Asker: 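Dumping the structure here so I can ask a few things about it.
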There are 2 protein chains.
Amino acid sequence: MTDQQSVESHETREKILATASRLFSEQGYDSTSLSQVAREARVSKALIFWHFDSKEKLYHIAVRKTLEPYFIDVAALAGLDEPAQVARLIDQFYDFVHDNVYSVRFFLSLTVQSEGQPDEVLSRVNELYRVFRNSLVSVIDRGRARGVFPPSIDPPRDAALIMASLAGILVQQFVNDGSTPVAKDLIEHLKITVFQRLTGSAAGSPLAGRP
Amino acid sequence: MTDQQSVESHETREKILATASRLFSEQGYDSTSLSQVAREARVSKALIFWHFDSKEKLYHIAVRKTLEPYFIDVAALAGLDEPAQVARLIDQFYDFVHDNVYSVRFFLSLTVQSEGQPDEVLSRVNELYRVFRNSLVSVIDRGRARGVFPPSIDPPRDAALIMASLAGILVQQFVNDGSTPVAKDLIEHLKITVFQRLTGSAAGSPLAGRP
DNA sequence: GTCTATATACAGATAGAC
DNA sequence: GTCTATCTGTATATAGAC
């Protein structure tokens with residue numbers, strides 16, 4: 001086993017993995033054949049089995065790879081007041097979706113299709129979603145405790161509704177037929193609505209222009 | 001061709017169609033084999049081809065059948081004022097989803113997966129969605145014209161955001177892991193938020209208890 | 001490690017008896 | 001109309017040469 005062999009093997013393995021990740025994300029598990037992966041990665045089918053044993057194992061490893069860039073940047077909230085933190089979280093969600101359209105779409109379709117069987121991949125996705133929502137609850141709760149938001153608001157429900165709106169904007173984006181306002185527009189409108197809801201201020205107050 | 005034969009043929013055809021509708025909705029097109037449809041409908045594969053020519057035609061006919069109960073009841077809005085009409089539309093959406101969980105889930109997954117190729121089925125689903133949103137825009141617009149809602153609101157954007165929230169609540173329902181508030185709860189919270197947004201009233205005003 | 005050749009299973013679809 | 005038997009293609013996976 002020479003170094004040269006090791007390196008080449010590693011690169012080929014990665015090439016297969018990258019190709020598989022892309023194809024699974026674009027087409028789903030069933031509709032992606034190993035023949036196609038082999039063709040587009042320019043290797044033989046047999047080599048895929050040598051590296052990954054089975055289609056299912058390849059899939060799981062490829063999906064994990066796709067999930068790698070998924071994380072939440074809590075540090076970016078430091079130094080902002082609560083309304084600005086809420087706005088920042090909303091923007092973070094949008095930017096993340098925007099930067100990962102293909103894979104987000106893929107995981108969304110997985111989520112919608114799965115019949116509630118526990119799935120390792122989905123539980124990881126759900127965890128990220130839950131963490132994000134919990135950040136939102138915390139910020140809103142803190143704002144209420146500090147008197148920035150009125151006591152009449154309901155942090156868990158308001159957070160869940162904001163998350164639903166974000167998820168819905170995401171879905172509409174995938175539908176888009178031209179008659180729906182574009183996502184970026186709706187995000188701005190959501191921030192205005194949320195600001196109004198959380199502070200009780202008059203309509204049209206700009207949350208948008210904040211630092 | 002006796003009547004007896006006609007009737008039996010019709011029943012068998014319907015049995016195949018019902019089985020196919022269910023399996024396609026639960027598993028999708030690729031993951032549903034005609035062998036499975038034949039087995040569960042207790043007929044031979046050949047009979048499926050005799051009745052429907054091909055898997056693709058069976059699919060299209062089965063999907064149309066699934067779409068049959070999809071419609072929007074505009075008559076139910078008569079005699080209500082605008083805020084109540086908005087609330088009624090929101091409730092209608094929720095009830096509809098609740099009554100058609102399986103097929104709604106199926107069409108949602110179709111929508112999310114499709115890569116924007118024009119699809120006869122999806123365009124029908126999109127049309128229903130668009131009609132529903134347009135009803136919402138009309139109601140909000142009329143309310144604004146009549147001075148029930150302030151001029152500062154933005155009917156197309158507000159309607160689109162409400163639709164996004166509804167779609168998002170729908171998606172969250174499919175995810176639900178127990179940590180998210182239940183859909184019915186969020187629907188009520190959405191109505192409160194919308195009422196507040198559209199009328200500029202203080203937090204907590206009940207839109208819920210309206211006729 | 002990487003290939004070609006092959007085994008095996010099952011998909012969609014057809015032929016033809018009844 | 002409904003069946004059994006079969007065709008043809010392609011899928012996952014294996015064997016074995018290099």
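The structure displayed is predicted, hence computed values, not measured ones. Letters A, B, ... are given to chains in the order of the sequence lines, protein chains preceding strands, and every chain is numbered from 1.
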Asker: Can you give one letter per nucleotide of nucleotides 4-18 of chain C, 5' to 3': B if a protein heavy atom sits under 4.0 Å from the base, S if only from the sugar-phosphate, - if neither?
Answerer: B------SBBBB---

Asker: Does Ser123(B) have any side-chain contact (heavy atoms from CB on, under 4.5 Å) partners at least two apart in sequence or in another chain, and if so, which?
Answerer: none

Asker: Could you state the CZ-C1' distance from Arg13(B) to dT2(D), rounded to the nearest angstrom?
Answerer: 16 Å

Asker: Could you pull out all residues at least two apart from Asp185(A) that satisfy side chain to side chain donor-acceptor pair (under 3.5 Å)?
Answerer: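 In terms of side chain to side chain donor-acceptor pair (under 3.5 Å), with neighbours along the sequence ignored, Asp185(A) is linked to Arg157(B).
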
Asker: Would you kindly give the CD-to-P distance between Glu11(B) and dT2(D), to the nearest whole Å?
Answerer: 10 Å

Asker: Enter the inter-axis angle for the ends of the helix from dG1(C)-dC18(D) to dC18(C)-dG1(D) (five pairs per end, rounded to 10°).
Answerer: 10°

Asker: Is the shortest side-chain heavy-atom distance between Val97(A) and Gln173(A) below 4.5 Å?
Answerer: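 Answer yes - side chains close enough.
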
Asker: Using salt bridge (charged side-chain N to carboxylate O under 4.0 Å, His left out) as the criterion, list what pairs up with Asp91(A), not counting sequence neighbours.
Answerer: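 Listed in chain order: Lys191(A).
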
Asker: Go through Thr19(A) and Glu40(A) one step at a time and tell me if the side chain to side chain donor-acceptor pair (under 3.5 Å) criterion holds.
Answerer: CA-CA 7 Å; Thr19(A) 307; Glu40(A) 301 203 11; over 6 Å; no

Asker: Among residues two or more places apart or on two chains, list those pairs meeting ring-ring contact (aromatic ring centres under 6.0 Å, His included) that have a residue in residues 52-83 of chain B.
Answerer: Phe24(B)-Tyr59(B), Tyr29(B)-Tyr59(B), Tyr70(B)-Phe96(B), Tyr70(B)-Phe107(B)

Asker: From Tyr129(B) OH over to Ser179(A) OG, what is the distance, rounded to the nearest 0.5 angstrom?
Answerer: 9.5 Å

Asker: Nearest whole Å is fine: how far is dT4(D) P from Trp50(B) CH2?
Answerer: 17 Å

Asker: Let me know the distance between NE2 of His51(A) and C1' of dA13(D), rounded to the nearest Å.
Answerer: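 Answer to the nearest Å: 16 Å.
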
Asker: I need the Ile48(B) CD1 to Arg13(B) CZ distance, nearest 0.5 Å.
Answerer: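 Reported value, rounded in 0.5 Å steps: 12.5 Å.
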
